[in-house]
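Chain identifiers are assigned alphabetically (A, B, ...) following the order of the sequence lines, protein sequences preceding nucleic acid strands; residue numbering begins at 1 within each chain. Not measured: the values here are computed from a predicted model.
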2 protein chains.
Amino acid sequence: MKQEKLNYIIDVARNMFARYGLRKTNIDELAHMARVAKATIYNYFGSKDSVYLAVLKKEADEIIGAILDSIDKEALPPEKLIALVKTKFNQMPKALNLLNLEIDGAENRYPDSIAIRNDLFWKEVEIIQDILEEGLAKGFFYIKNIMLASKSIGYAIRGFERDWLLFDSRDRIDHYLDYFLNIIIKGLMSANSNKTDRFVID
Amino acid sequence: MKQEKLNYIIDVARNMFARYGLRKTNIDELAHMARVAKATIYNYFGSKDSVYLAVLKKEADEIIGAILDSIDKEALPPEKLIALVKTKFNQMPKALNLLNLEIDGAENRYPDSIAIRNDLFWKEVEIIQDILEEGLAKGFFYIKNIMLASKSIGYAIRGFERDWLLFDSRDRIDHYLDYFLNIIIKGLMSANSNKTDRFVID
DNA sequence: TTTATACTAAAATCCGATTATAGTCTAAAG
DNA sequence: CTTTAGACTATAATCGGATTTTAGTATAAA
């Protein structure tokens, strides 16, 4: 089958899963909506779960892809870190299925889907690690244990996710995120933590 | 009724809710286990939900109380911040009902219980704010916007909770938390972020 | 290879009957 | 005046069996 057609199936499935959830989406209807035979779907994916996982995977890949793109556009490590966070949170609302995992009452939280969610987390941590390493090499950051630092920051960023997804007042949380970046970059104790003029998020 | 008896009812309820959950705990059995008449419970609490909320409230109060105690034992603001985080995570496993809210599939997540959970979060943020204010006044911290800073840190700490509760490898996450504290206190950019000798968590 | 269709076995839904339980009430005991 | 045991009700949960949906397979034709 052409890659194009396969992507189309995933896209249709993505919409259906986002609207109805895993349980209430059925393959007969998906086949009809995607204008392929049911057998074709089973030929390619093998099971309903696999279709669902392919959707989650695509959503995760999109987030990672967008983050990497945005980082490439920045030259300085601190700004790369800021770009990562901004892009991540901008992309999140598009990954409806992946993020409903966090919010929903476990409706469709099972080992494989959780694995994809965790995988996204650890990929983010890896990217953070790359940024920190570059920052260290170029003299921007001073970090004793880069692996610990990147994981710590990964976890900390996670703390903003739930409310970002649920709240009306996204702007305000954006504000907190901005400030959080300032804090981890400059620290509470450094005298210039007052000045948000250099690495500021607009 | 004596306060003592009332507390005993809450304690028994706390164990039953922790073991069986809100739905599978029934008031007849609770009355029996707590050795009071069912009417007494309804006299005091008015409804099953109110009993449950009283349990959640008590768990939240215990966490806040322990945090405040631990902070009082520290003299320096940075150490107070560290004490807050350490105590919070040490106390968390005791608050079984409150924390199952995070993990469970919404089984017993309804507006009132979420409100208590959020209340705990904002109380933590207030305490952080107090610490930051003291740290600013005494020249330890340099923070432009204390309110933003305390909320940011509150959210960031939240990011460690889920994995702390779920994972086998609590030590490792402890490690991340330690490092996280180092980062926010000293910042990625400050040259002494290497040295973890002063404000170190043992 | 894809498609339409038919097929099966397992799961979900439905529904009426039964049971369990939240919450009220009362009368007696402390 | 409060607590208690027990009776009581109305609603919600459970159960079991019949029915329907649906995941997944098989087949034959395009």
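Ile27(A) places its CD1 atom 22 Å from the P atom of dC7(C), with the value rounded to the nearest Å. Rounded to whole Å, the distance from CG on Asp49(B) to P on dT21(C) is 16 Å. Rounded to an integer number of Å, the gap from Glu29(B) CD to dA22(C) P is 10 Å. Across the protein-nucleic acid pair, Asn26(A) atom CG and dA23(D) atom P stand 5 Å apart, rounded to whole Å. Here dT4(D) presents its C1' atom at 11 Å from CG of Asn43(B), a figure rounded to the nearest Å. Rounded to an integer number of Å, the gap from Tyr20(A) OH to dA12(C) P is 20 Å. Going from atom CZ of Arg23(A) over to atom P of dT21(D) covers 15 Å, rounded to whole Å.
Between the side chain of Lys48(B) and the base of dG23(C), no donor-acceptor pair of N or O atoms lies under 3.5 Å. Judged by distance alone, with hydrogens and angles left aside, Lys38(A) brings a side-chain donor or acceptor within reach of the base of dG24(D), the pair sitting under 3.5 Å.
Of the side-chain N and O atoms in Lys5(A), one or more sit less than 4.0 angstrom from OP1 or OP2 of dT3(C). Residue Arg35(B) has no polar side-chain atom (N or O) positioned under 4.0 Å from OP1 or OP2 of dA5(D). OP1 or OP2 of dT4(D) lies within a sub-4.0 Å distance of a side-chain N or O belonging to Thr40(B).
A search for salt bridge (charged side-chain N to carboxylate O under 4.0 Å, His left out) contacts involving Arg158(A) returns Asp163(B), not counting sequence neighbours.
Taking CZ of Phe45(B) as the reference point, atom OH of Tyr52(B) lies at 14.5 Å (rounded to 0.5 Å).
Environment of NZ in Lys58(B): crowded, with over 12 heavy atoms of neighbouring residues, nucleotides or ligands closer than 6.0 Å.
Of all non-hydrogen atoms in Ala13(A) and Val51(A), the two that sit nearest each other are CB-CG1, 3.7 Å.
Without hydrogens or angle criteria, Asn100(B) side chain to Ala18(B) main chain gives no donor-acceptor distance under 3.5 Å. Between the side chain of Ser70(B) and the backbone N or O of Ile67(B), at least one donor-acceptor pair lies under 3.5 Å.
Note on the helix from dT1(C)-dA30(D) to dG30(C)-dC1(D): angle between the axes of the first and last five pairs equals 50°, rounded to 10 degrees.
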